[in-house]
Amino acid sequence: DTILKTLRGIGDGAYAIDVKLINTQDHGVPQNRERVYFVGIRKDVLHKTAKFSWPEPLVRPSIEKFLDRRDRPALLSDLPPTSSGTAHRNVKKVVKDLVKAGSDPLNQPFVLDCDSSCGWASFMKARTPCMTVSRAAGHWVTNRGRRMRTDEMMRLQGMDEKGFVQVVSDRQLGKQVGNAMSQNILERIMVSLLPAAGLVPRNCTLHDRWQADCKASEPAAPNKRASTPAAGSRKKAKTA
């Protein structure tokens, strides 16, 4: 309430302010990422008929559509190196517990926050826990037997990695992706926000590609591709 009161007081109440808690996984990308979004539109430019509204939730697609193809079958021996003590212990314990409980983590995509303190490592099936700056190395994907790749992390933030030129290390890129806003949420908000702010010509209709993809009988990934690109398909800038 204090933040809203402050924002609504800017310019003597010049802005129409709205706020909503939105989870990325409810809008076409399977990442459990809750964030608070604020929208402010100057009242003197508000469109008379195009009213702003928050995007409606969509069916959550499986994370398989955002991961690279499996290079080979996953094995119980696929673990982080012993030098990564916490991650090694977490993956070993969680995979063992899942198998004991009757699950099939070597064939089904469980995503584990393997760098959490022992005893606090969370995991999710067919979706990923929240990606953050402190998880720049990537969460563990059980049916891949490895950590998540930066290309996959970008897709799970709603980003299109094709044509992206990487000019930093994978570690730094992982931090940047973990600190970013989910593109799918921003896109869906803008589809309604821009017309409401009078920033779209009358004869122009914005397209919500995330909603369009979810209308299929089986939800498709936002950037449709004949096959998932192989690891390393993204361009890296050459260094001298």
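Since we're looking at a predicted model, the values are computed, not measured. What you see below is based on every heavy atom in this structure, not just the backbone, and it leaves out hydrogens, waters and symmetry mates.
Sequence neighbours left out, the pairs with a member in residues 117-140 that pass salt bridge (Lys or Arg N to Asp or Glu O under 4.0 Å) are Asp113-Arg135. The ring-ring contact (aromatic ring centres under 6.0 Å, His included) contacts involving residues 106-152 comprise nothing, where partners must be two or more places apart or lie in separate chains. Sequence neighbours left out, the pairs with a member in residues 188-203 that pass salt bridge (Lys or Arg N to Asp or Glu O under 4.0 Å) are Arg188-Asp208. Among residue pairs with one or both ends in residues 22-37, none qualify as salt bridge (Lys or Arg N to Asp or Glu O under 4.0 Å); sequence neighbours excluded. Among residues at least two apart or in separate chains, salt bridge (Lys or Arg N to Asp or Glu O under 4.0 Å) pairs with a member in residues 83-94 are Lys93-Asp97.
Taken from CG in Asn143 to CG in Leu106, the straight-line distance is 8.5 Å, to the nearest 0.5 Å. Here His88 contributes atom NE2 and Thr86 contributes atom OG1; the two are 11.0 Å apart, rounded to the nearest 0.5 Å.
In this structure, the side chain to side chain donor-acceptor pair (under 3.5 Å) partners of Thr132, at least two apart in sequence or on a different chain, are Ser134. Residues passing the side chain to side chain donor-acceptor pair (under 3.5 Å) test with Ser84, sequence neighbours excluded: none. Annotation: side chain to side chain donor-acceptor pair (under 3.5 Å) contacts of Thr49 (sequence neighbours excluded): His47. Listed by chain and number, the residues in a side chain to side chain donor-acceptor pair (under 3.5 Å) with Glu187 are Gln183, Arg209, Trp210 (sequence neighbours excluded). Every residue meeting the ring pair (Phe, Tyr, Trp, His ring centres under 6.0 Å) condition with Phe52, not counting sequence neighbours, appears here in chain and number order: Trp54. Residues passing the side-chain contact (heavy atoms from CB on, under 4.5 Å) test with Leu199, sequence neighbours excluded: Leu194, Ala197.
One finds a salt bridge joining Asp78 and Arg72 here, because a Lys/Arg side-chain nitrogen approaches an Asp/Glu carboxylate oxygen to under 4.0 Å. Here Asp151 does not pair with Lys162 in a salt bridge; the nearest charged N to carboxylate O distance is not below 4.0 Å.
Annotation for Ala126 and Pro30: closest pair O-CB, 3.8 Å, computed over non-hydrogen atoms.
At least one donor-acceptor pair under 3.5 Å links the side chain of Glu152 to the backbone N or O of Arg149. Under the 3.5 Å distance criterion, the side-chain polar atoms of Ser103 are left unmatched by any main-chain donor or acceptor of Pro105. For the pair Gln31 (side chain) and Gln157 (backbone), a donor-acceptor distance under 3.5 Å is absent.
Two residues are said to be in side-chain contact when any heavy atoms from C-beta on lie closer than 4.5 Å; Pro109 and Ile63 meet this criterion.
Listed by chain and number, the hydrophobic cluster partners of Leu7 are Ile3, Leu4, Ile10, Tyr15, Ile17, Val19, Leu21, Val36, Phe38, where partners are ILVMFWY side chains within reach of under 4.5 Å, directly or through others.
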